[in-house]
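First the structure, in the form of structure tokens, and then the observations on it.
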Amino acid sequence: MTALTSDATTTSGDGAAAPARGARRLTTAQALVAYLSVQRSERDGRVRRLVPGLFGIFGHGNVVGLGQALEEVGGELTYYQGKNEQAMVHAAIGYAKATRRTQTLACAGSVGPGAMNMLTGAATATANHLPVLLLPADVFMHRRMDPVLQQIEHPTERDLSANDCFRPVSRFFDRVTRPEQLLRALPEAMRVLTDPAETGAVTIALPQDVQGEAFDFPASFFLPRTWSIVRRPPAQQELAEAVAAIRGARRPLIVAGGGVRYSEAEEELARLASELGIPVSETFAGKGCGPSGELALGGVGSTGTLASNRLAARADVVICVGTRLQDFTTGSQSLFQHPDVRFVSLNVCAADAHKLGSTPVVGDARLTLAALREALIAARYMTGDDYRGEIRREQAAWRDALDADLAPREGETISQAQALRALNAATGEHDVIVTAAGTPPADVHRMWDPSNGSEQHIEFGFSCMGHEIPAGLGFRLARGSAPGDVFVVIGDGTYLMGNTELVTAVQEQLKVIVIVIENGGYQAIRSLQVGKTGVAFGNELRARDASDGRLSGPYVQVDYAANARSMGCKAWRAETLEQLTDAVAAARRHDGPSLIAVPVEPHRLMAGTECFWDVGIAQASGSERMRELTAEHQAGQRTQRFYAHAPAREQG
Ligand SMILES: Cc1ncc(C[n+]2csc(CCOP(=O)(O)OP(=O)(O)O)c2C)c(N)n1
Ligand SMILES: [Mg+2]
């Protein structure tokens, strides 16, 4: 061992010139901490710490291993104390989003439940292609005293632990059963974290005995290493095929996804759109990354604008940029109704670039958009005046429909969309809005006007209730003292599921402004239920009623502002739009975290989007209404399409 270590030299990154001699005797956990402390990422010449901090909750499974290491050698790895392990992962996701996937945080949970609580966060990160580094503690490898506390004891697979549940929700998984395995596991983990096509949850399970086991690590292992996040250029052949597919288009439409934002390709997208006259619609993750002005269509799909959806229904070529094309975006593959519609998909991830039978262009969004723009200009491509007129008419019709939808109604309290419009007016450049589940992401996607310079970050790849507040913390942490405020818009149901990271915000003095929309429970789901089954059951926050034995009694009253105050936040309740605007101004003046509770009209949701969304419908029922609704839904299912691969050259 020592022979290997004492002569080791580095082949990596900055500092590579100096050969490192000797070995460092460290425990697995100490080596992990020392290694993370010197990893950096680089994109476009800007170097940053790749993992500058770690969220953790200790238990017996990691306090004497990883906890010991952090205390002794963790001076360069800021430790944040989580309040719930799932929330820690959401904070890391927020951090990764804020830094456009160039940085993230590590999350350490103890063995058993602490580790398992991170699973939902892992899935959220993986579904969204967002880097997070997860360090769940694991059971003993030596097994001298099995079964130990928090061990599941699988009857037929004794080498399996609860942590094997991370495998399907991770992009990289390893269980480090000997200290020296870190020499292989950690570089591979960093590679996956920094590869835009592969990134997601990266999980390294740390058995509690192994965390404390020592090894003579080569000193070179701990030299600073910089991981370049390379912009992969598109292949000329794929580009040529994309040009061939687009050049005959009369009604092209761009669908911009999160990949545009993560690649920081917004300007390049705006340039292509304006020089070629192609309108831009946006997915949830891409919300706000398209251009503003006459080619901006806003959200697309199930929660999209009428302008986007009507133009999508007639588009002949759809140019997808950095999108995973999930069913909310495609209207469950019913949105694009042009009989000969074809897709061109620009994506750094080949699997995404090939979806919907697309003509794929695999590469970085910014480079690919620039190359495509040049190639289309060289081919003298440009949309016609008639199409531009059509776009303007659809935008005007959408603006009118939105104004009518948001108008005050006699005898009603304010609506959520009205509150969002007021918030939209009270925010501007550098402000960030974070949403994830319920109706807030849907409404932000549809009606938020990003032309004031605010950024919207909607987590809807997994739409995970509980993402919002910790993700807001992640944004604030990543942005440090940079200008602009972080607003979290969250439903009352979701607030009840995950709010305790507000204590962490107080602990760290992180200024996050949480807007809780009070509407008596899970209204997004109630509305879906009533629309698809004709009845309301089990979704509102109501007391059990003795007469029918169901949850049909009065609304349960929760004082959300008092709840936030009890955790150390400032809090207000705003019942009118004026009160909301005033509360936002007061929250901006306050240094720490705050909350504004906004009661809204419970059943008033935004009007429909003319977009079908498929859900598993009841094919048998004793209720006539249910049978009618099933027939209606099945009519929608008949509009679903199979989009075949149609490369230009095979079409002649
Ligand atoms: C962890 C998790 N559990 C369940 C769901 C399903 N779900 C989606 S929205 C929603 C209701 C959210 O209620 P609330 O936050 O009050 O928002 P509202 O629907 O009232 O706008 C539920 C239960 C989910 N997305 N995530
Ligand atoms: Mg609600």
Side-chain angles (χ1 to χ4, degrees), residues 284 299-306 309 326-329 331-332 334-335 401-402 404-409 411-421 435-448 458-460 462-465 468 489-497 515-542 550-556 558 598-618 621 623 625-637:
F284 284 104
V300 69
S302 296
T303 56
T305 67
L306 291 181
N309 288 351
Q326 62 127 317
D327 66 344
F328 257 73
T329 298
S332 301
S334 71
L335 183 60
L402 183 61
D405 195 9
L406 266 56
R409 287 189 199 154
E412 284 193 358
T413 52
I414 59 172
S415 73
Q416 172 172 289
Q418 290 166 355
L420 286 172
R421 185 172 263 193
T435 63
T439 53
D443 288 2
V444 168
H445 187 224
R446 187 137 37 128
M447 52 71 63
W448 190 277
I458 307 175
E459 188 288 291
F460 217 78
F462 216 54
S463 185
C464 186
M465 291 169 75
E468 298 85 341
V489 183
I490 184 171
D492 47 4
T494 302
Y495 180 82
L496 292 176
M497 190 178 280
I515 315 274
V516 177
I517 305 287
E518 280 184 49
N519 62 7
Y522 307 148
Q523 296 298 351
I525 307 303
R526 178 191 179 276
S527 147
L528 173 67
Q529 180 182 48
V530 171
K532 293 290 174 182
T533 71
V535 295
F537 174 78
N539 282 304
E540 292 196 286
L541 185 58
R542 291 180 183 274
R550 291 189 169 188
L551 298 176
S552 56
Y555 283 117
V556 174
V558 179
V598 186
V600 303
E601 192 65 35
H603 297 159
R604 180 168 174 188
L605 304 186
M606 291 188 72
T609 59
E610 298 186 357
C611 181
F612 173 73
W613 184 45
D614 206 355
V615 282
I617 195 96
S621 168
S623 148
R625 179 71 189 133
M626 181 66 248
R627 291 196 300 273
E628 277 168 21
L629 288 167
T630 302
E632 210 175 90
H633 189 79
Q634 286 167 339
Q637 286 175 326

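Put simply, CD1 on I525 and CD on Q523 are 10.5 Å apart, with the number rounded to the nearest 0.5 Å. Taking OG1 from T303 and CG from N309, the interatomic distance works out to 8.5 Å, rounded to the nearest 0.5 Å. Between the CH2 atom of W448 and the CG atom of D443 there is a distance of 11.5 Å, given to the nearest 0.5 Å. To the nearest 0.5 Å, atom CG of residue N539 and atom CD of residue Q529 are 4.5 Å apart. For the atom pair OG of S415 and CD1 of I517, the computed distance is 9.5 Å after rounding to the nearest 0.5 Å. Going from atom CZ of R604 over to atom CG of D405 covers 6.5 Å, rounded to the nearest 0.5 Å.
Between I490 and M465 the shortest side-chain heavy-atom distance does not fall below 4.5 Å. Proximity of E518 to Y495: side-chain heavy atoms (C-beta onward) are nowhere separated by under 4.5 Å. Residues D614 and H633 are in side-chain contact: their nearest non-hydrogen atoms beyond the backbone lie under 4.5 Å apart. Contact check for I515 versus L420: no side-chain heavy atoms found under the 4.5 Å cut-off. Counting heavy atoms from C-beta outward, E412 and Q418 have side chains that stay 4.5 Å or more apart.
Across I617 and T630, no two heavy atoms sit closer than the pair CG1-OG1, 3.8 Å. The shortest heavy-atom contact between K532 and W613 is NZ-O, 4.3 Å. Considering every non-hydrogen atom in both C611 and S302, the closest pair reads SG-N, 3.5 Å.
Dense packing is recorded around OH of Y555, with more than 12 heavy atoms of other residues, nucleotides or ligands lying under 6.0 Å away. For F612, the CZ atom counts as densely surrounded, since its 6.0 Å shell holds more than 12 non-hydrogen atoms of other residues, nucleotides or ligands.
In terms of modelled atom types and a separation under 3.5 Å, the side chain of Q416 and the main chain of V600 share no donor-acceptor contact.
Between the side chains of N519 and H603, no donor-acceptor pair is found at a separation under 3.5 Å.
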